[in-house]
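In this chain, residues are counted from 1 in sequence order.
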Amino acid sequence: MQLPRYALAAYDPDQPAYDDIWALCADAEHLFADQLPGEQGGQGEQDEGEPGVPQGFEGFEGSPQELVEPPVRLLGCSPRGALRDALEAGGSDLGHGRVLRLGGMGQTLQHAVEGEVVAWIPSARGRGLVDLALDPWTVRPPRAAREVWDVWWRGRPAEPNLWTRYGTDGRAHWLGVARENGRRRVPDAGPGGTYHLDGSRVTDQPAFHCALGEAMNGPGGYFGHDLRSLADCLRGGCGALLPFTLVWHDAHIARTCLGVTPRTDHRPPSFEELLDFLAQRDIGVVLA
């Protein structure tokens, strides 16, 4: 039996995230923004009929123009709870949900997309299963997200620097998965430690945070995904207590790629601003 790769959770901003699982699903189609039908390198071909209309799906009452892009399709889903009740009642209001990418042990790797469940059909993948169509209201993830999720499928990576194979978008998704799964599982290390940051691939801000997470907490480790969350980690709970020393190896790469001129807009911080940020928080940085 195929392990589910996705879950559909109820969307309720007043409840804890992922608290109410509506369905476990074997796979998904049309999830990635750069692999939609008609896109270069897209997954599969567009169904016959009007673009975006989920052909043969129960419950869809809109016009072709209402769905500019095809809905996300969740395949081989085992419905439960409120969704199962709505399907059995034959209602057209199937609710709003979050699509979650799961790991091989059933753990949540990352939130993928949110939207409205607009239709369903019986699934060819098994008796009692359904395929669901979800019209997303948030941005679909890039194909790089799937590559990151596949690396984390069996659990937290044991090899360092696997994030370096991805570009900026993929590294940002790596940080999202690490945030859920890469925190330190033992008490914080005491103050006064020394940590070594491999700066050989620090060419953008996500790369800095990926490298810092692994310096502090090992392969797949997490220690913030931006300066605000880094500041939160420095207050405790992420693996180290202040003060400590950070040896930044190959720092010249970040100096070249991130620049030294302070930013005056919302662009990522420069190399010098990162150094100032760390120094202001009692972190001794040694450039190597």
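- Cluster membership for M216 and L287, using ILVMFWY side-chain heavy atoms within less than 4.5 angstrom, is shared.
- The CH2 atom of W153 sits 13.5 Å away from atom CZ of R146, with the distance rounded to the nearest 0.5 Å.
- One hydrophobic cluster, built from ILVMFWY side chains closer than 4.5 Å, holds both F208 and V285.
- Contact record, P206 with A172: CB-N, 4.1 Å, taken as the closest heavy-atom pair.
- Atom CG of residue L74 and atom CG of residue D131 lie 8.5 Å apart, to the nearest 0.5 angstrom.
- In this structure, Y6 OH and C25 SG are separated by 10.5 Å, a value rounded to the nearest 0.5 Å.
- No side-chain heavy atom of R165 sits less than 4.5 Å from a side-chain heavy atom of E147.
- Looking only at side-chain heavy atoms (C-beta outward), P141 and H173 come within less than 4.5 Å of each other.
- Looking at heavy atoms from C-beta onward, E69 lies in side-chain contact with R140 at the 4.5 angstrom threshold.
- The shortest non-hydrogen separation linking H209 to H225 is CD2-O, 3.5 Å.
- A distance of 6.0 Å separates CZ of R98 from OH of Y11, quoted to the nearest 0.5 Å.
- Both L197 and L227 belong to a common hydrophobic cluster when Ile, Leu, Val, Met, Phe, Trp and Tyr are linked at side-chain heavy-atom distances under 4.5 angstrom.
- A donor-acceptor distance shorter than 3.5 angstrom exists from the side chain of S123 to the backbone of R125, with no hydrogens or angles considered.
- Residues D169 and P142 form a side-chain contact, since some pair of their non-hydrogen atoms from C-beta on lies under 4.5 Å apart.
- Other residues, nucleotides and ligands contribute only 12 or fewer heavy atoms inside 6.0 Å of the CG atom of D93.
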Are L230 and L212 close enough, and set up right, to give a side-chain contact (heavy atoms from CB on, under 4.5 Å), and what steps lead you there?
-> CA-CA 10 Å; L230 173 54; L212 181 62; 3.7 Å; yes
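- Around atom CZ of R154, no more than 12 heavy atoms belonging to other residues, nucleotides or ligands sit under 6.0 Å away.
- Side-chain contact of S229 with D226: a donor-acceptor pair under 3.5 Å is present, judged by distance alone.
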Intermediate values then yes/no, side-chain contact (heavy atoms from CB on, under 4.5 Å), V148 and Y166 | CA-CA 8 Å; V148 171; Y166 309 113; 3.8 Å; yes
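- With hydrogens and angles ignored, the 3.5 Å screen pairs no side-chain donor or acceptor of E214 with any backbone N or O of A211.
- T203 and R171 share a side-chain donor-acceptor pair at under 3.5 Å.
- Between D198 and P160 the shortest side-chain heavy-atom distance does not fall below 4.5 Å.
- Side-chain contact, D250 with S200: no donor N or O sits under 3.5 Å from an acceptor N or O.
- The shortest distance between side-chain heavy atoms of W248 and F271 falls below 4.5 Å.
- No side-chain donor from either of E116 and W137 sits under 3.5 Å from a side-chain acceptor of the other.
- Taking CZ of R5 as the reference point, atom CG of L3 lies at 8.5 Å (rounded to 0.5 Å).
- Figure legend: cation-pi geometry between R101 and W152 absent, as NZ or CZ is not positioned both under 6.0 Å from the six-membered ring centre and within 45° of its axis.
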CA sep, side-chain torsions, deciding dist, call: V130, I121, side-chain contact (heavy atoms from CB on, under 4.5 Å) | CA-CA 6 Å; V130 298; I121 57 172; over 6 Å; no
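- In this structure, the separation between CG on L24 and CG on L129 is 10.5 Å, given to the nearest 0.5 Å.
- Residues L132 and L8 share a closest heavy-atom pair of CD1-CD2, 3.9 Å.
- The two residues V202 and C257 have their closest heavy-atom pair at O-CB, 4.4 Å.
- Put simply, W22 and L134 are part of the same group of oily side chains (I, L, V, M, F, W, Y) that touch within less than 4.5 Å, one to the next.
- Side chain of D135 to backbone of P71: no donor-acceptor contact under 3.5 angstrom is found.
- Taking both residues in full, the closest heavy atoms of G221 and A178 are given as O-CB, 4.1 Å, listed atom of the first, atom of the second, then distance.
- A single hydrophobic cluster is not seen to contain both V72 and L75; linkage of ILVMFWY side chains at heavy-atom distances under 4.5 Å, directly or through other members, places them apart.
- Using a 4.5 Å heavy-atom threshold, the side chains of N161 and T164 count as touching.
- Within the 3.5 Å criterion, the main-chain N or O of W174 finds no donor-acceptor partner in the side chain of R179.
- Here the closest non-hydrogen pair linking V139 and V113 is O-CG2, 4.1 Å.
- Side chain of N217 to main chain of Y222: a donor-acceptor pair is present (N/O by atom type, distance under 3.5 Å, no hydrogens or angles).
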Take L258 and L274, measure what side-chain contact (heavy atoms from CB on, under 4.5 Å) needs, and give me the verdict at the end.
-> CA-CA 10 Å; L258 302 183; L274 287 176; 3.7 Å; yes
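- Side-chain contact check for D282 versus F244: every heavy-atom pair is 4.5 Å or farther apart.
- Counting only distance, with no hydrogens or angles, the side chain of T138 and the backbone of E114 share a donor-acceptor pair below 3.5 Å.
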